[in-house]
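First comes the structure, then the notes that go with it.
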2 protein chains.
Amino acid sequence: MTMAEVGFLGFDVFGTVVDWRAGVARKSEPFLRSKGLDVDPLTFADEWRSRYDPAMEEVRAGRRPWVRLDVLNRENLEQVLRRHGLDPATVPAAELHALNLAWQELDPWPDAVEGLTRLKRRFAIGPLSNGHLAGMMRLARFGGLPWDVIVGAEIARSYKPQAQTYLRSAEAVGLAPTQVGMVAAHNNDLKAARECGLHTVFVRRPLEHGAGQRSDLNAEQDWDIVADSLVAAADALGC
Amino acid sequence: MTMAEVGFLGFDVFGTVVDWRAGVARKSEPFLRSKGLDVDPLTFADEWRSRYDPAMEEVRAGRRPWVRLDVLNRENLEQVLRRHGLDPATVPAAELHALNLAWQELDPWPDAVEGLTRLKRRFAIGPLSNGHLAGMMRLARFGGLPWDVIVGAEIARSYKPQAQTYLRSAEAVGLAPTQVGMVAAHNNDLKAARECGLHTVFVRRPLEHGAGQRSDLNAEQDWDIVADSLVAAADALGC
């Protein structure tokens with residue numbers, strides 16, 4: 001059986017399970033309009049998201065102590081607003097807070113709930129994401145994601161693709177790295193997971209970044225499973 | 001609305017949600033028989049369980065660093081076997097390991113899955129238990145417990161009733177202590193939770209320790225909710 005020794009599948013969430021771009025744009029649109037900012041909400045979402053990895057890199061590089069993703073997202077939001085000429089200090093804190101919650105109200109891709117429900121029959125499943133615990137919990141309730149547990153960055157106090165994130169998550173679910181499968185739409189995530197000994201499941205998400213996406217359109221290594229949806233991944237794994 | 005500000009219910013699990021005594025006895029019975037040990041499996045379960053709190057107390061008192069509950073359970077198992085004249089060093093490690101997994105294969109009380117499913121409509125729910133993450137995950141899969149997240153001892157690296165266990169769990173789900181409700185069959189758990197600012201839900205489990213149970217038969221304070229089952233707690237909370 002494929003991945004016979006695997007007992008837990010850890011999932012990248014933003015992009016792999018949920019459509020962050022449409023969700024963040026949907027929540028940003030009324031805010032931008034109310035502030036008179038002439039920015040396309042999808043572009044705004046892209047700009048906000050583009051600061052995500054550099055912000056985590058500050059932590060990975062040891063230039064700042066580990067902080068939760070909601071803190072980074074909030075800082076990044078303020079930077080993007082400034083870039084568009086809006087001083088965040090002039091916006092009521094509750095409005096900024098509410099907008100930052102956009103990252104906890106994202107629709108699952110259409111195949112996600114069915115795929116996870118089927119995968120859960122054979123494997124324990126959970127986010128192995130850079131998101132924080134509370135955010136992952138709210139996202140699961142928002143979208144009906146049937147996780148068994150939440151591991152990832154907050155458990156490990158490190159951000160993917162740093163090895164500790166995968167290794168501590170495996171340890172937390174009581175398994176060796178070789179008994180864990182990483183499911184992601186991002187080759188760099190799978191590459192790091194494989195280097196830690198994890199199995200790898202690549203799910204193509206060619207619209208994560210919109211119609212012009214150039215990255216992660218194809219598998220860049222011979223991942224254990226390559227699929228076009230979580231339902232297809234369930235098929236491939238006999239779930 | 002009762003407990004209107006509460007967004008998360010944290011559950012004691014052993015005794016409150018699952019029947020550890022019958023489950024541990026069921027798993028122990030064939031082991032005891034195969035070793036020729038003339039011990040009633042329920043008595044064996046009680047003896048094993050009786051070492052649980054003193055073992056955690058070593059951690060709470062700072063006499064040993066925090067370790068996961070499966071480590072304590074395994075040490076306690078070896079002590080009980082010795083007490084019955086069986087040297088655990090003569091037992092294959094895999095057998096001891098398998099027996100120790102008894103704590104992850106416990107039936108929910110008959111009302112638990114329905115009660116949790118209903119409570120989950122209004123509140124995020126999760127173990128706020130002294131159990132470890134992997135054990136709580138396997139117990140949930142074994143019994144079909146629909147948790148949203150797992151917090152408690154391993155997240156906090158401390159054991160209830162130490163305050164840090166409640167406070168760190170609340171923080172992990174992104175809420176103030178006053179926005180969390182503790183659900184337990186044990187007055188001392190609720191007392192400590194209340195002292196941290198949490199709301200309190202007492203669920204009577206008069207058979208947790210068998211027919212002769214003397215402890216926790218009644219509410220010892222005016223807990224916010226007092227109920228005879230998780231279904232009754234859901235009724236009381238309008239779920």
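Naming convention: chains lettered A, B, ... in sequence-line order (proteins, then strands); numbering from 1 in each chain. All values derive from a computational prediction rather than experimental measurement.
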How far apart are the closest heavy atoms of [X] and [Y], and which atoms are they?
{"X": "B/Gly174", "Y": "A/Ala134", "answer": "N-CB, 3.7 Å"}
{"X": "B/Arg121", "Y": "A/Arg141", "answer": "O-NH2, 3.9 Å"}
{"X": "A/Asp148", "Y": "B/Ile150", "answer": "O-CD1, 3.6 Å"}

Pair count under 4.5 Å, heavy atoms only, with chain B: among A/Trp147, A/Phe123, A/Phe8, highest is A/Phe123
Contact leader toward chain A among B/Asp70, B/Val149, B/Leu175, where contacts are heavy-atom pairs under 4.5 Å: B/Val149
Where on B/Leu145 is there a heavy atom nearer than 4.5 Å to chain A: the side chain, the backbone, both, or neither? neither
Does B/Ala124 offer a backbone N or O that forms a donor-acceptor pair with the side chain of A/Arg138 under 3.5 Å? no
